[in-house]
Amino acid sequence: MRDSLARMLADAVDDLFLAWKQGVENQGIVGDGIGDRACFQRVMDGILALVGHGDGVMHPVNMPRIILDEPSSVAFIVEQARLGQAQGVPFPRFLQSFKVLERVAEEYLVGRAVPGQEMLAALLSLRRATDLLEYALIQDWERSNREDTPAPQEQLHPGIVLDQIRNEIFYKGIASLIMKIDAQGLITEASPQTTRFFSDRRIIGRFCGELLDIGVTSMGEILEVFPPDEVREIILNRDTVRYVFEVHLLPLNLEGSDAGGSILLLNDITRIADDRLRFEMQAGDPGHEQFNSEKMRSAIFQSVGEGILLVDQDLEVVKANHRACEIYGLSRQNLIGTDLLALTDQAGAEKLSEFFGRLIEGQRLSEEMTGLYVDGRTFPTRTTVTRIDYAGKRFWTIIVLDTTEEKALENRLRQEKQQTEEMNLTLKNVLRSIEGDRRDFENRISSKIGTAIMPMLEKICKEAQPSVRRSYLNLLGDQLIALTSGFDTELDAGLLKLSRTEIEVCRLIQGGFSSKEIGDAMNLSFETVQTHRKNIRKKLNLNGKNINLHAYLASRACENGALQEVRRERGMSGGDSRKE
Amino acid sequence: MWDEEYDIVIIGSGFAGLAAALEARKTCSSVVVLEKMQVPGGNSAISGGLVAAAGSPLQAEEGILDSPELMLDDMLRAGLDYNDPELARIVAEKSTETLLWTIEELGVQFKQTLSHLGGHSVPRTYNTTNTSGSGITRPMLVKCREKGIPIDLKTLLQRFITDEQGAVLGVEVRRGYVFPHAGSGESRRIRARKAVILATGGFSQDKAFRRIQNPILSENIESTNHPGATAESLVAAIRAGATPVQLSLIQLGPWASRDEEGFGVGSMFSMLAGFPYGVLIDVKTGRRFVNELSDRKLLVDAMLNTGRESLAIVDQKGVRYASTLGKCLKRGVVKQFGSIEELSQVNQVPLAPLLETIRVYNSSVKRGVDEEFGKPIPEDLLPIEEPPFYSIRLISKVHHCMGGIQINARAQVLDIETHRLIQGFYAAGEITGGIHGASRLGSNAITDCLVFGRIAGRNAAQDPSR
Ligand SMILES: Cc1cc2nc3c(=O)[nH]c(=O)nc-3n(C[C@H](O)[C@H](O)[C@H](O)COP(=O)(O)OP(=O)(O)OC[C@H]3O[C@@H](n4cnc5c(N)ncnc54)[C@H](O)[C@@H]3O)c2cc1C
């Protein structure tokens with residue numbers, strides 16, 4: 001297996017390089033060697049060497065041993081990291097690039113059409129190798145940090161804070177929690193990672209069964225649960241995260257005495273366990289059956305947001321998660337035993353039958369098809385079928401995603417797009433008509449200027465007689481004012497003719513004051529005010545008309561604030577009129 | 001003060017709730033069904049789909065003489081006269097009409113043979129073609145969708161809202177409830193302009209509550225019911241003034257398999273093959289101990305007696321109506337053997353007494369009378385002699401609540417103090433009590449739920465709006 005894993009990776013080295021380069025670019029950590037083929041090659045060679053290392057290496061039990069006994073097997077990566085640091089690549093950045101490579105390699109493996117059992121083994125081996133390397137890297141870094149003065153914060157790659165990295169490393173990355181327990185199962189020593197993982201709990205002196213929450217009370221039972229030299233799985237919940245560990249118990253027979261206690265090794269396989277959904281059945285080799293594994297498998301089966309069905313050769317549903325029940329509106333009791341093809345329409349049934357005929361072990365196919373709710377309603381799904389061979393029989397996992405909302409969203413987007421397009425069209429039309437109006441308006445102005453104003457100006461220029469010039473000028477004024485008709489702030493020819501005092505009188509009339517009050521306010525006699533009123537009426541062309549001056553002014557004012565406008569133009573303050 | 005309003009608010013989406021909804025919808029446009037689980041159907045959807053009807057077309061075809069009177073007699077006999085005779089009579093009288101309603105209005109498909117279940121004097125039991133209650137709930141749900149009756153899932157009834165006179169005005173629910181997490185979802189007050197119909201089924205899965213009612217039913221006795229068969233809605237009804245009756249009358253099913261959870265596929269095998277066409281023996285002695293066609297209470301009492309380990313045995317001819325046989329074999333619930341010797345060895349039954357038991361039984365069958373236990377021997381009952389032989393290991397599981405809240409003939413809930421109806425409050429189905437007395441006969445529950453569900457729906461729709 002390891003052989004073929006090494007070969008698989010070696011064969012894909014070009015693809016892996018490209019994917020890695022892309023990955024480090026995406027993370028913005030390219031430079032100083034990172035992203036170069038040479039750097040990639042060195043790290044990759046190291047991984048390949050470790051993956052292809054002598055027999056039994058990748059067993060979790062051997063991991064600490066490798067580091068202790070054979071530092072050379074991991075030395076290359078440590079050197080590469082130091083080299084990087086010498087070239088100006090801070091350690092966290094190097095680690096980040098390493099993790100990108102790890103992820104790229106895992107993704108590559110997952111994407112390969114390898115039978116599930118083998119894939120799982122390959123992933124585990126790869127994971128263990130990279131974990132081991134990471135462990136060695138961090139150890140070395142911590143050591144050098146202790147020796148040197150700690151790297152100043154600025155030296156870290158921007159956006160990465162020390163604590164974050166520690167979290168990443170200790171909570172997600174490094175695989176093994178290592179504890180030493182005595183003959184009674186009490187913990188006597190624990191690796192720093194272990195202490196960190198159980199950060200809020202006292203570890204030393206605790207009974208390991210209690211710490212691991214496996215409901216046993218004696219060392220005897222511990223040995224039953226974790227038989228030495230066999231791997232078992234447990235789930236540990238920290239904060240809100242669910243971790244899956246492979247547990248290995250390694251007795252320490254010190255000089256023939258059996259009272260030496262044991263090493264308890266927990267290998268974090270959470271990510272793989274999550275992936276395992278795809279290899280649902282393969283993980284179930286008989287060795288796993290005995291402990292928690294069945295429970296865990298059904299936990300995995302339950303924990304996912306998509307509907308999951310397991311069907312057998314008769315296309316009968318043999319397992320279903322909650323979500324699947326909800327999607328089809330059937331209780332588990334009803335869903336189990338149902339013919340899978342009855343959960344979709346004719347086209348879906350044909351598609352599924354075709355998949356079943358075509359799929360080879362471990363392969364996966366996906367298709368959009370119609371789902372059938374219990375009340376006859378149909379809904380869109382994305383259905384993924386994987387074939388799994390187990391104990392000589394064929395099974396298929398069916399992952400069903402109800403895409404109703406997705407589809408509704410798509411439709412909404414499509415509608416919105418259409419509406420936007422329609423809106424754009426309307427807007428365009430409106431703009432066009434505005435444009436037309438503007439052009440009309442300009443035409444009107446220029447033609448007026450051409451036909452009325454320019455000739456007038458010429459006449460004024462040629463006219464020597466001052467009185468005639470004056471009347472031309474008056475005419476010109478009238479023409480210009482006429483041009484503004486239809487403007488927002490239309491100039492009122494009449495208002496423009498008013499004197500300052502008259503305007504002030506107007507303002508007070510508009511405000512509803514009587515002539516007497518106006519006289520008092522402006523320090524004018526009643527008669528003077530009356531004369532102003534008469535002149536104002538004349539100038540506004542109201543003479544002989546049955547129009548009340550107050551009403552007229554009020555209406556003009558609220559139409560467009562013309563009076564205000566005129567006042568402003570004449571530089572009259574808006575303040576207290578009495579002072580003027 | 002109200003978040004939502006409907007004319008009629010129905011709680012529970014089983015036979016009773018859906019029948020009420022469909023019937024109410026005929027004259028009333030604003031009907032809603034509230035259901036606490038993520039899926040509709042409750043016990044109804046997982047039931048065996050056996051429906052009793054007296055004087056049915058199939059009985060006429062087969063020349064079986066039956067009548068509502070005879071069915072009522074059977075109900076009262078099994079019920080030890082604990083039954084409310086008026087309500088029991090309504091079930092018997094409306095049984096055939098209701099069966100026909102499912103066929104004609106809903107399009108339910110039934111097998112073309114009748115079954116003879118324990119405690120019934122004659123074969124009067126129809127069975128859906130898919131051997132499941134889903135053969136009825138599914139068409140009901142389709143019809144609800146067609147008629148625009150919303151079935152709101154994940155909505156838990158918490159409390160009835162009443163006025164000073166005690167009339168039920170509406171309900172307080174939790175929408176977005178995730179069973180069984182009590183605090184989940186959001187509280188909402190829903191007004192029922194006409195009435196609330198309670199159709200929430202029994203409480204066989206409520207281990208604490210059923211133990212209070214009957215201390216013999218310890219935690220480790222399994223149940224055939226869906227997980228949501230719990231008592232909170234019964235408690236809410238009692239708080240709203242409903243009258244509890246016979247809550248301690250809880251039925252165990254004698255036919256469930258030891259080798260699977262719940263009702264599974266084995267129960268129907270026992271009902272359709274093991275009991276009518278086979279023998280029930282005690283594994284330790286190899287002997288029969290009861291008439292296999294007794295009603296459930298007698299069977300369970302006999303099985304629990306001195307901790308018997310029960311095994312039903314049937315031969316090749318006996319399984320001809322066992323429509324779940326394939327699944328039973330596949331799941332290891334029923335085992336198949338080439339000979340009685342092999343069967344006795346695998347099941348660890350002493351061979352000699354077993355052979356003797358079968359010999360005696362076969363000769364009774366041939367003579368047409370079972371002198372030992374009085375099992376009725378109809379003509380199609382044949383001796384056990386033709387391999388392969390089949391066995392199923394049995395264990396009693398909590399199955400049905402005969403007790404519940406009291407209703408009148410119009411399905412109105414009766415007040416515990418005044419004994420008069422509570423305005424705006426109806427109930428139907430397994431949540432009600434007193435219809436079946438001490439023991440509910442197999443296939444009578446579906447009939448009861450459908451009959452009273454329809455009565456409740458029809459009457460509630462005729463109530464004035466408030
Ligand atoms: C496995 C099995 C097989 C059976 N087979 C047969 C058979 O073949 N023939 C026969 O006659 N009888 C059979 N029975 C009995 C019969 O099926 C039931 O008595 C019948 O289905 C009850 O119907 P119901 O409508 O009253 O309640 P249910 O069908 O149980 O529906 C009640 C609904 O109300 C919901 N609910 C409960 N509390 C609340 C709340 N607080 N808020 C909101 N919703 C709530 C429940 O989740 C449930 O969906 C069987 C029963 C079981 C369990």
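Proteins get letters first, then strands, A, B, ... in listed order; numbering begins at 1 in each. Worth knowing before you read on, the calculation uses all heavy atoms, side chains too, and leaves out hydrogens, waters and symmetry mates. From a predicted model like this one, the values you see are computed outputs, not experimental measurements.
Look at B:Glu261 and A:Arg332 and you find no salt bridge, because none of the NZ, NE, NH1 or NH2 atoms lies under 4.0 Å from a carboxylate O. Using a 4.0 Å cut-off between a side-chain N of Lys or Arg and a carboxylate O of Asp or Glu, A:Glu316 and B:Lys330 qualify as a salt bridge.
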Q: Decide side chain to side chain contact (heavy atoms under 4.5 Å, CB included) for A:Ile336 and B:Arg331; before the verdict, give the C-alpha distance in whole Å, the side-chain angles of both, and the deciding distance to 0.1 Å.
A: CA-CA 11 Å; A:Ile336 289 182; B:Arg331 298 186 196 177; 3.8 Å; yes
Q.
For B:Val39 and A:Leu330: C-alpha separation, side-chain torsions, deciding distance, then whether side chain to side chain contact (heavy atoms under 4.5 Å, CB included) applies.
A. CA-CA 6 Å; B:Val39 299; A:Leu330 296 172; 5.7 Å; no
Q: For A:Glu326 and B:Lys154, run side chain to side chain contact (heavy atoms under 4.5 Å, CB included): C-alpha distance rounded to whole Å, both residues' side-chain angles, the deciding distance at 0.1 Å, then the answer.
A: CA-CA 10 Å; A:Glu326 209 170 332; B:Lys154 296 184 173 180; 2.9 Å; yes
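With a 6.0 Å radius and a threshold of 12 heavy atoms from other residues, nucleotides or ligands, B:Glu186 has its CD atom at or below the threshold. Counted within 6.0 Å of CD on B:Gln109, heavy atoms from surrounding residues, nucleotides or ligands total 12 or fewer; the atom is thus considered open. Crowding of B:Lys147 atom NZ: a count of heavy atoms from other residues, nucleotides or ligands under 6.0 Å not exceeding 12.
When all heavy atoms of B:Ser132 and A:Asn334 are compared, the pair lying nearest together is OG-ND2, 3.9 Å. Between B:Pro40 and A:Gly329, the closest heavy-atom pair is CD-O, 3.5 Å. Looking at every heavy atom in both residues, A:Ser331 comes nearest to B:Ile46 through OG-CG2, 3.2 Å. Smallest separation of non-hydrogen atoms from A:Tyr373 and B:Arg138: O-NH1, 4.4 Å. When all heavy atoms of B:Val142 and A:Val374 are compared, the pair lying nearest together is CG2-O, 4.2 Å. Scanning all heavy atoms of the two residues, the minimum distance from A:Asp375 to B:Arg145 falls at O-NE, 2.8 Å.
Only the side chain of B:Leu153 comes within less than 4.5 Å of a heavy atom of chain A; its backbone N, CA, C and O stay farther away.
To the nearest 0.5 Å, the span separating CD on A:Gln333 from CG on B:Asn225 amounts to 10.5 Å.
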